[in-house]
2 protein chains.
Amino acid sequence: MSARVTMADVAEAAGVSRALVSLAYRDAFGVNGDTRRRILDVGDELGYVHNRIAASLASSGATSIGVYLQDLHNDFFADVHDGIRDAVETEARDLVLAVGALGGERDAGSLRALQGARVGVIIGAGILMPDAEVQAFSSRTPIVSIAREVPGVDSVSSDNLAGGRLATSHLIELGHRRIAMLANPPSDGYLGRRAGYEEQMASAGLASRTVEVSYSRADAATAAIALLDGDDAPSAFFAHNDQTALGVLEVLLARGITPGREVSVIGYDNSSVSGAPGTSLSSVDLHGAQLGAAAGRAALRRLADPAAPPELEVTSPELVLRMTTGPAPV
Amino acid sequence: MSARVTMADVAEAAGVSRALVSLAYRDAFGVNGDTRRRILDVGDELGYVHNRIAASLASSGATSIGVYLQDLHNDFFADVHDGIRDAVETEARDLVLAVGALGGERDAGSLRALQGARVGVIIGAGILMPDAEVQAFSSRTPIVSIAREVPGVDSVSSDNLAGGRLATSHLIELGHRRIAMLANPPSDGYLGRRAGYEEQMASAGLASRTVEVSYSRADAATAAIALLDGDDAPSAFFAHNDQTALGVLEVLLARGITPGREVSVIGYDNSSVSGAPGTSLSSVDLHGAQLGAAAGRAALRRLADPAAPPELEVTSPELVLRMTTGPAPV
DNA sequence: TTGTATGCGTTATCAA
DNA sequence: TTGATAACGCATACAA
């Protein structure tokens with residue numbers, strides 16, 4: 001608990017100027033590699049820690065990167081985080097994290113907190129505010145939106161249409177003809193998944209059967225029961241996300257139906273639960289780490305040129321096949 | 001992109017002094033509720049955001065709370081985060097997050113980053129540094145350790161001995177006699193789980209069979225295969241965590257053995273995968289949110305009194321039974 | 001490389 | 001409540 005060590009102390013102990021110490025800690029130009037090492041060593045010995053607070057206040061342009069993640073319980077956001085960190089760490093930028101909430105009730109507060117931390121740009125994954133609010137916010141602190149396209153705002157998203165096509169056409173190729181889709185509420189976006197499904201069904205001459213469900217597993221289970229008990233029960237389900245697919249699996253297992261044999265199921269997100277033994281859910285992978293990395297690079301570009309026109313980058317999803325998909329029963 | 005709005009601007013627009021604006025934004029005493037609201041409204045209109053960077057630099061004592069989470073892919077840490085946030089948000093403290101890595105290779109860097117952000121205390125979940133380093137670090141910036149007891153450092157941990165007893169005695173009550181434990185490397189702590197297992201086995205007159213494995217699923221699978229193929233194959237497995245238990249399940253399913261019928265399995269952590277249909281793993285729940293909340297409160301106490309003696313708080317784990325546990329086959 | 005001066009936007013302290 | 005002023009620890013620009 002000695003008095004706080006400052007740059008001045010390090011400078012004195014190392015026998016150099018304050019300014020040089022400052023440069024050394026930012027590994028800027030104009031400081032010889034040897035002296036740099038020596039300065040850092042002296043700093044370590046004294047227990048000095050570069051004060052990013054003071055540094056940030058003093059430097060005019062904000063250089064740190066804010067990261068907003070909707071929900072830590074969802075593995076997708078963990079992937080996104082990893083991707084961002086990978087893409088950004090070569091630049092030695094500070095990442096400032098803020099976590100939201102599933103319902104979006106923390107969006108505004110968390111984004112404000114990042115703004116209060118004076119980040120230069122915010123990478124947002126799972127922001128639920130309306131487009132208009134995102135745009136308004138972005139005009140003060142630029143946002144890079146992940147997995148959601150916001151007009152006028154840098155966006156990095158996965159091709160949902162392609163994902164919907166991938167899943168559906170695979171089920172069709174397996175011989176399924178009665179394929180139901182459990183879709184999310186249209187107001188939340190991700191419409192491409194549904195569009196891809198309906199397009200593929202139509203072009204195969206099959207009738208679409210789309211049921212809208214919420215994000216809860218229980219809700220999905222209810223919908224699955226209704227479909228299975230109805231006329232012309234489907235032999236395959238395409239779910240808008242893994243959570244929904246788990247609801248379907250729950251129903252199948254409870255009825256003694258083996259997923260992948262009698263009935264096939266494909267989810268979306270390829271979250272960590274998908275790979276669990278026993279569950280082994282086929283799913284569409286968004287490649288969250290890839291999205292995060294792309295967003296990280298976009299953030300660096302935005303920091304470098306605040307006036308550049310907004311960018312839109314679209315990455316391709318991938319179908320990951322496990323045990324819940326199999327040939328249609330005869 | 002207007003010029004940055006500062007407190008001075010707000011003060012002028014609201015027709016009050018700078019000092020009053022400062023007080024209003026910290027909702028401190030000495031500012032009438034009405035004027036406070038008015039000041040905040042004016043601030044909003046001007047698009048002012050309280051600059052936490054400048055505030056933090058100017059205020060003498062650090063009041064923000066650092067949170068170190070080892071790995072976002074593990075649901076346990078998400079629970080911990082939620083618990084901390086709940087416990088702390090009434091105090092309106094800033095949470096500063098840092099994320100580590102599974103192998104511990106980011107421990108030092110992440111903790112330093114928090115120190116550089118001048119937090120007043122750090123809540124650490126999943127720190128892997130040796131005790132001595134944690135203690136040394138904690139003497140500069142106090143640490144509250146979660147799920148790991150570090151002598152001389154505030155710690156909030158779950159009672160691993162009780163957890164090991166719970167799991168083992170339950171298997172014994174189910175009639176199992178050949179119960180194997182897949183334990184973690186002793187150097188990582190959590191020794192109580194193993195001790196609880198061995199104690200319960202001994203007091204039931206049964207022979208312990210402990211095999212040490214790493215944290216990888218594949219490693220656990222290998223160990224399970226060796227045990228199942230050996231003499232006197234176990235009818236039940238107690239795994240030191242869920243990941244390890246999944247490795248066992250993988251082997252059982254591959255061999256057509258139904259978990260919970262022929263062979264029982266209990267994991268530890270009750271992570272999100274445990275509840276997936278098809279997996280349905282019985283597990284010991286650490287109650288991460290509860291641990292987080294306790295740590296949050298401990299952090300607030302530490303902030304209030306840096307000189308108080310270190311505290312140790314121990315919470316009780318709970319056995320969550322699902323499909324992978326059942327009576328011993330006859 | 002070195003000093004040195006100036007400023008970043010607050011908080012904190014005091015006297016009024 | 002108000003001003004006014006001194007920190008806070010650093011970045012930055014400049015002259016040497």
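Each chain gets a letter, A, B and so on, in the order its sequence line appears, and its residues count up from 1. Just so it is clear, the model here is predicted, and its values are computed rather than measured.
Using a 30° and 60° split on the angle between ring planes, B:Y25 and B:H50 fall in the tilted class, from 30° to 60°.
Of the possible donor and acceptor atoms, none in the side chain of A:S157 sits under 3.5 Å from a partner among the backbone N and O of A:E149. In this structure, the side chain of A:D159 does not engage the main chain of A:V314 through any donor-acceptor pair within 3.5 Å. In this structure a side-chain-to-backbone donor-acceptor pair under 3.5 Å is missing from A:R106 to A:S110.
Looking at the side chain of B:H50, the nearest of the listed nucleotides C:dT2, C:dT10, D:dT2 is C:dT10. Nearest nucleotide to the side chain of B:T35, out of C:dT1, D:dT1, C:dT11: D:dT1.
Separating the CG atom of B:L20 from the P atom of D:dG3 is a distance of 10 Å, rounded to the nearest angstrom. To the nearest angstrom, P of D:dG9 lies 15 Å from OH of A:Y25. If you measure from atom CD of B:Q115 to atom C1' of D:dG9, you get 16 Å, rounded to the nearest angstrom.
In this model, the phosphate group of D:dC10 is not approached by any side-chain N or O of A:R18 to a distance below 4.0 Å at OP1 or OP2. Using a 4.0 Å cut-off, no side-chain N or O of A:S17 falls inside it from OP1 or OP2 of C:dT1.
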Can you check nucleotides 7-9 of chain C for protein contacts, nitrogen or oxygen pairs under 3.5 Å, and list what you find?
unit_1: C:dC8; atom_1: O2; unit_2: A:L57; atom_2: O; d: 3.4
unit_1: C:dC8; atom_1: O2; unit_2: A:A58; atom_2: N; d: 3.4

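Under 3.5 Å, the side chains of B:H287 and B:D79 contain no donor-acceptor pair of N or O atoms.
Comparing A:I53 and B:G15 along DNA chain D, the residue whose closest nucleotide (by nearest heavy atom) sits nearer the 5' end is B:G15.
Using a 4.0 Å cut-off between charged side-chain N and carboxylate O, B:R37 and B:D44 make no salt bridge.
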